[in-house]
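Below is one structure, written out as structure tokens, with a few remarks after it.
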2 protein chains.
Amino acid sequence: MMVRAEAKTGADLREACLTEALAIISASGVEKLSLREVARRLGVSHQAPYRHFASRDHVLAEIVRRAFADFASALRSPPHTDNPATDTLAMGMAYVAFAFAEPLKYRLMFGGTLPEPDAHPEMMRGAREAFNVLRAALVRLFEARGQQPDHDLIDREALFAWSSLHGVVSLMRTDAIDTLDLAPSARAAFVAHALQKVGTALGIDVQGTRTTGGSQ
Amino acid sequence: MMVRAEAKTGADLREACLTEALAIISASGVEKLSLREVARRLGVSHQAPYRHFASRDHVLAEIVRRAFADFASALRSPPHTDNPATDTLAMGMAYVAFAFAEPLKYRLMFGGTLPEPDAHPEMMRGAREAFNVLRAALVRLFEARGQQPDHDLIDREALFAWSSLHGVVSLMRTDAIDTLDLAPSARAAFVAHALQKVGTALGIDVQGTRTTGGSQ
DNA sequence: GCCAAATGTTGACAGTGTCAACCTGCGAGA
DNA sequence: TCTCGCAGGTTGACACTGTCAACATTTGGC
């Protein structure tokens, strides 16, 4: 009984477990992830995945780890210009774009139910990296203004930007927003509106700069 | 074998199930909630809870419903003054205060893993109510300025405020923040900093107004 | 005092994560 | 070339879960 490509074994099987697990999560939610179902779909015994992962949580931790790594990479991807303000704005847009392009990964990272970070230290490495990308952008921004990049101030500003972006995105994905009886136009324009406000709060002049839309 | 107060029956048992379920969630997380464990702790048979709740998700939905109701009530609690600006700010502080005072409930409401809202329509009533409290505050704010309370604009501003507050709070509770190597002072001052910025973005002058601290 | 409805119990079934024991094929060392 | 070890896969078991079905018991209304 071979359900997928049969020859999967060794490292291939490990990789196949991860993709199949992601497929299950994508289709039925993280709480429905079952290693037995993964094994069933791959046509292997129910214990085969345990040769590559110590537990169900270890599978999840690896998926989350990769999601954070992708996320950090996405934040790094916009090329630097000589204008730190537009660079910072571009990073904000990259943040929102990633959240919309990969809602599943985003939900996994920030959705709440993730394995104990203490038990899976490598899982959060990408999270730290991503935050440091934001920190660095703000340091450049402050330096370009001739301001002293005070460590505490940078951290506060970075946290504010981070939390605003997270708030925007997570609000758009929360079930709650579907029940708020919003005017459709309000929802569509919200992201641009919010990004502009965050930019303004950070002292970035966004006059005339195009901010991305992206409904839903 | 009576583990708790024995006489629980009827509506009492229903209530006892809810408090015991909340205790389990508080101690071990929502994914560890087991109706059999609830029954065991209450000294009743494993099916007794099913006389009062159709399924595990229905228990959760009721807990979440009450959390939303409490939340809406907390947002309504600050008394109105004749100054809509300070009223709005007070509501923002009430939001953050509730999140810090009831982290478990807050996590349940906005943490991601909650029962299908379609299957539990009553669950989200409080969420709508809470959002309408914010809407009303902003309408008063705009009217006091002599601005036309444009429906779309109100919705956008409300969503921005909502998402910023949610961002602030959820960032403080995410596991992610523990791994960011922050200066302790940055974390302590962050809430006040963020509230002030959100107020500024909404055009509220917070000069001299005390904003709350509350360190996690 | 009786009947019916509400409530609680017992038993079963399918599904899950995970430990333990077993088998198997393959590559390194003799 | 033979053998031995071991990584990788399988089978079986156990304890746990949610939930259905059938039974028992309590209780309030007539």
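Residue numbers begin at 1 in each chain, while the letters A, B, ... track the order of the sequences. Note that the coordinates shown come from a computational prediction; the quantities given were computed from them, not determined experimentally.
In this structure, the side chains of B/K105 and B/F71 stay at 4.5 Å or more apart for every pair of heavy atoms.
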Can you give each donor-acceptor pair under 3.5 Å made by side-chain atoms of residues 88-95 of chain B, sequence neighbours left out, with the distance rounded to 0.1 Å?
residue : atom : partner : partner atom : Å
B/T88   : OG1  : B/P84   : O            : 2.8
B/Y95   : OH   : B/Y106  : OH           : 2.6

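If you check distances only, the side chain of B/H46 never reaches the base of C/dG8 with a donor-acceptor pair under 3.5 Å.
A salt bridge links B/R66 with B/E15; the closest basic N to acidic carboxylate O contact falls under 4.0 Å. Taking the charged nitrogens against the carboxylate oxygens, B/K32 and B/E37 have no contact shorter than 4.0 Å, which rules out a salt bridge. Salt-bridge annotation for A/E20 and A/R41: present, with a side-chain N of the basic residue lying under 4.0 Å from a carboxylate O of the acidic one. Between B/K197 and A/E157 there is a salt bridge, since at least one side-chain N of the basic residue sits less than 4.0 Å from a carboxylate O of the acidic one.
Rounded to an integer number of Å, the gap from A/L42 CG to D/dG9 P is 11 Å. Whole-Å rounding puts the A/R40 CZ to C/dG17 C1' distance at 12 Å. Protein atom CZ of A/R56 is 13 Å distant from nucleotide atom C1' of C/dG15, rounded to whole Å. In this entry the distance linking CZ of A/F53 with P of C/dG17 reads 14 Å, nearest Å. The interatomic distance linking B/D57 (CG) with D/dT17 (C1') rounds to 14 Å, in whole Å. With rounding to whole Å, B/L35 atom CG is found 16 Å from C/dT16 atom C1'. Taking atom CD of B/E31 as the reference point, atom P of D/dC16 lies 18 Å away to the nearest angstrom. Atom NZ of A/K32 and atom P of C/dG15 are 12 Å apart (whole Å).
Remark on DNA chain D: of its neighbouring residues A/A48 and A/R36, the 5'-side contact belongs to A/A48, judged by nearest-heavy-atom nucleotide.
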Between the protein and nucleotides 24-29 of chain D, are there any N/O to N/O pairs under 3.5 Å, and if so, what are the atom names and distances?
none

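Of all nucleotides listed (C/dT9, D/dG9, D/dT19), D/dT19 comes nearest to the side chain of B/S55. You'll find that the side chain of B/R51 is closest to C/dT7, out of C/dT7, C/dT18, D/dT17. Closest approach to the A/E37 side chain among D/dT17, C/dT16, D/dG9 is made by C/dT16 (side chain taken as heavy atoms from C-beta onward).
A sub-4.0 Å separation between OP1 or OP2 of D/dT17 and a side-chain N or O of B/S34 is present.
Looking at A/S55 and A/H58, their side chains do bring a donor and an acceptor atom within 3.5 Å of each other.
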